[in-house]
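Keep in mind that the numbers below use all heavy atoms, side chains included, and drop hydrogens, waters and symmetry copies.
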Amino acid sequence: MTTIRLRQNGPYVIDSDDVRIIDWNGVEYRIERRPVALCRCGASTKKPFCDGSHSRLGFQAAEAAAGPGSEDAPAT
């Protein structure tokens, strides 16, 4: 099973050796480090991977995800 953790004010971290990252053109990225950290702040110079820019920028992530039944929960 693949686990994706959202680090507080940081990247999405994928804790799995069995993961592929493919862009919208079907091009696969070479993964050089594990776990995989994907940029969430949008400022990384290594997109889609995190380069730590969130720390320098003081990135503040949105509130925690809305749970089922919440008016902020995505429509299904």
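Considering Asp15, Ile21, Val13 in turn, Ile21 is the only one that fulfils the side-chain contact (heavy atoms from CB on, under 4.5 Å) rule with Val36. Between Ile31 and the options Asp17, Val19, Ile14, a side-chain contact (heavy atoms from CB on, under 4.5 Å) holds for only Val19.
Considering all non-hydrogen atoms of both residues, Gly42 and Cys39 come closest at N-SG, 3.1 Å. Listed here is the closest heavy atom pair of Asn9 and Phe59: CB-O, 3.2 Å. The minimum heavy-atom distance between Lys47 and Tyr29, with the atom names listed, is O-CE2, 4.2 Å. In this structure, Arg40 and Pro11 approach most closely via the heavy-atom pair CB-CA, 4.3 Å.
Side chain of Asp23 to main chain of Asn25: a donor-acceptor pair is present (N/O by atom type, distance under 3.5 Å, no hydrogens or angles).
The hydrophobic cluster containing Leu6 does not contain Leu57, counting ILVMFWY residues as joined when their side-chain heavy atoms lie under 4.5 angstrom apart, directly or transitively.
Note that the NE2 atom of His54 and the CZ atom of Arg7 stand 7.0 Å from one another [nearest 0.5 Å]. Interatomic distance, Asp51 CG to Arg56 CZ, rounded to the nearest 0.5 Å: 5.5 Å.
Salt bridge annotation for Glu28-Arg30: absent, with no cationic side-chain nitrogen under 4.0 angstrom from a carboxylate oxygen.
Between the side chains of Ser16 and Asp18, not a single donor N or O lies within less than 3.5 Å of an accepting N or O.
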